[in-house]
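Model, not experiment: these values are computed from the prediction.
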Amino acid sequence: MLKHVLGKVLGGEVLSSSTRKLGPFSNAAIVGFHTGQAHNAPRSFFGVEDFVDDENSRPYTFQKGKVSKNPNKNISFKQRTQAFLEPFTLDVFISKRFVSASLTHRVTSKQVAVAGTNSKDIKAVLQSRSDIPACLAIGRILAERAREADVYTAVYTPRERDKFEGKIRAVVQSLIDNGIDVKVYLD
């Protein structure tokens with residue numbers, strides 16, 4: 001049935017089992033399922049053959065360009081080793097309603113110590129959850145939790161939109177005053 005339909009669509013030819021020509025679109029040879037013989041069959045118009053190759057075996061994940069033989073080629077030695085030499089990073093988030101800070105291990109991406117003004121124990125003590133005394137309290141609590149986890153050094157790089165002043169500086173200064181050595185990288 002399929003041979004008759006394809007024959008009518010591709011030029012009026014009716015195909016038999018010995019026929020090898022399907023028309024102008026037949027470029028790919030496919031092994032027949034039942035007979036085990038090679039037949040020429042047209043490539044599907046919307047198929048995934050155009051998107052599949054040896055390295056991209058999934059459809060629609062085709063990526064243009066060559067795969068680099070050396071993935072670390074354009075990465076400096078400092079970029080490759082910095083995560084292991086200075087493993088803990090400080091992340092400070094300040095909104096209009098609350099302040100939160102965390103120490104994260106760079107290699108494993110696990111949070112070692114977390115403190116925020118949204119937690120129940122801190123929320124009850126503070127008058128305001130987003131002013132400078134709240135930032136100082138977050139720094140002090142984060143320093144205590146970091147010392148419990150045996151973390152004594154951290155690295156802080158402000159985000160592009162953040163300036164190292166005011167509330168962010170208060171959190172970092174409170175960490176330094178409470179025994180955590182924080183290196184601040186300002187670009």
Side-chain angles (χ1 to χ4, degrees), residues 46 48 50-187:
F46 292 105
V48 295
D50 296 330
F51 300 101
V52 178
D53 61 327
D54 293 337
E55 294 176 5
N56 298 312
S57 60
R58 291 180 149 185
Y60 304 110
T61 57
F62 180 75
Q63 296 177 352
K64 238 179 178 179
K66 295 180 181 177
V67 177
S68 176
K69 291 181 182 177
N70 185 3
N72 296 328
K73 183 173 141 183
N74 296 325
I75 299 174
S76 68
F77 180 77
K78 182 178 180 182
Q79 288 172 330
R80 278 186 250 148
T81 58
Q82 190 174 15
F84 296 99
L85 297 175
E86 299 168 343
F88 297 101
T89 60
L90 173 66
D91 183 35
V92 180
F93 179 74
I94 297 175
S95 72
K96 292 180 181 178
R97 304 181 98 189
F98 66 92
V99 176
S100 66
S102 65
L103 285 173
T104 307
H105 193 266
R106 283 183 179 181
V107 179
T108 60
S109 298
K110 291 188 178 181
Q111 290 184 337
V112 177
V114 179
T117 55
N118 275 351
S119 62
K120 290 181 182 179
D121 54 345
I122 301 172
K123 192 188 301 186
V125 177
L126 297 174
Q127 293 178 355
S128 173
R129 287 189 260 166
S130 63
D131 57 353
I132 290 187
C135 293
L136 295 172
I138 291 301
R140 186 179 70 251
I141 293 169
L142 186 65
E144 291 172 5
R145 293 178 181 174
R147 276 187 267 126
E148 289 174 5
D150 290 333
V151 176
Y152 297 98
T153 60
V155 176
Y156 176 69
T157 305
R159 296 183 180 109
E160 292 179 5
R161 67 177 184 269
D162 292 341
K163 295 179 181 175
F164 188 66
E165 59 186 29
K167 295 177 183 178
I168 294 177
R169 188 177 183 119
V171 172
V172 173
Q173 190 62 44
S174 177
L175 275 168
I176 293 170
D177 293 342
N178 288 296
I180 304 297
D181 182 28
V182 179
K183 288 184 183 178
V184 179
Y185 290 115
L186 301 174
D187 291 334

Side-chain ([X]) to main-chain ([Y]) donor-acceptor, under 3.5 angstrom:
X: Ser119; Y: Gly116; value: yes
X: Thr117; Y: Val99; value: yes
X: Asp162; Y: Pro158; value: no
X: Arg169; Y: Lys163; value: no

I need the Ile138 CD1 to Ser102 OG distance, nearest 0.5 Å.
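Going from CD1 on Ile138 over to OG on Ser102, the span is 11.5 Å.
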To the nearest 0.5 Å, how far apart are CG in Leu126 and CZ in Phe98?
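So the gap between those two atoms works out to 14.0 Å.
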Specify the closest pair of heavy atoms between [X] and [Y], including all atoms of both residues, with the distance to one decimal.
X: Phe84; Y: Pro87; answer: O-CD, 4.0 Å
X: Ser130; Y: Ser95; answer: CB-O, 3.9 Å
X: Thr104; Y: Ser109; answer: CG2-C, 4.0 Å
X: Leu175; Y: Gly139; answer: CD2-O, 3.5 Å
X: Leu136; Y: Ala170; answer: CD2-O, 3.6 Å
X: Ala146; Y: Ile180; answer: CB-CD1, 3.9 Å

Compare all side-chain heavy atoms of [X] with those of [Y] and state whether any distance is below 4.5 angstrom.
X: Asp181; Y: Tyr152; result: no
X: Ile132; Y: Lys167; result: yes
X: Asp177; Y: Arg140; result: no
X: Glu86; Y: Lys183; result: yes
X: Val172; Y: Phe164; result: yes
X: Asn118; Y: Arg129; result: yes
X: Ile94; Y: Val92; result: yes
X: Phe88; Y: Val155; result: no

Using the side chain to side chain donor-acceptor pair (under 3.5 Å) rule, pick out the option among His105, Arg106, Gln111 that qualifies with Thr108.
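So the option named by the test is His105.
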Mind running salt bridge (charged side-chain N to carboxylate O under 4.0 Å, His left out) on Asp121 and Arg145 for me, showing each step along the way?
CA-CA 14 Å; Asp121 54 345; Arg145 293 178 181 174; 3.6 Å; yes
I would like to know whether Asp91 and Arg159 meet salt bridge (charged side-chain N to carboxylate O under 4.0 Å, His left out); could you show each step before the answer?
CA-CA 9 Å; Asp91 183 35; Arg159 296 183 180 109; 2.8 Å; yes
Test side-chain contact (heavy atoms from CB on, under 4.5 Å) applied to Leu142 and Leu90, Val151, Val114, the passing residue
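It is Leu90; the other options fail the test.
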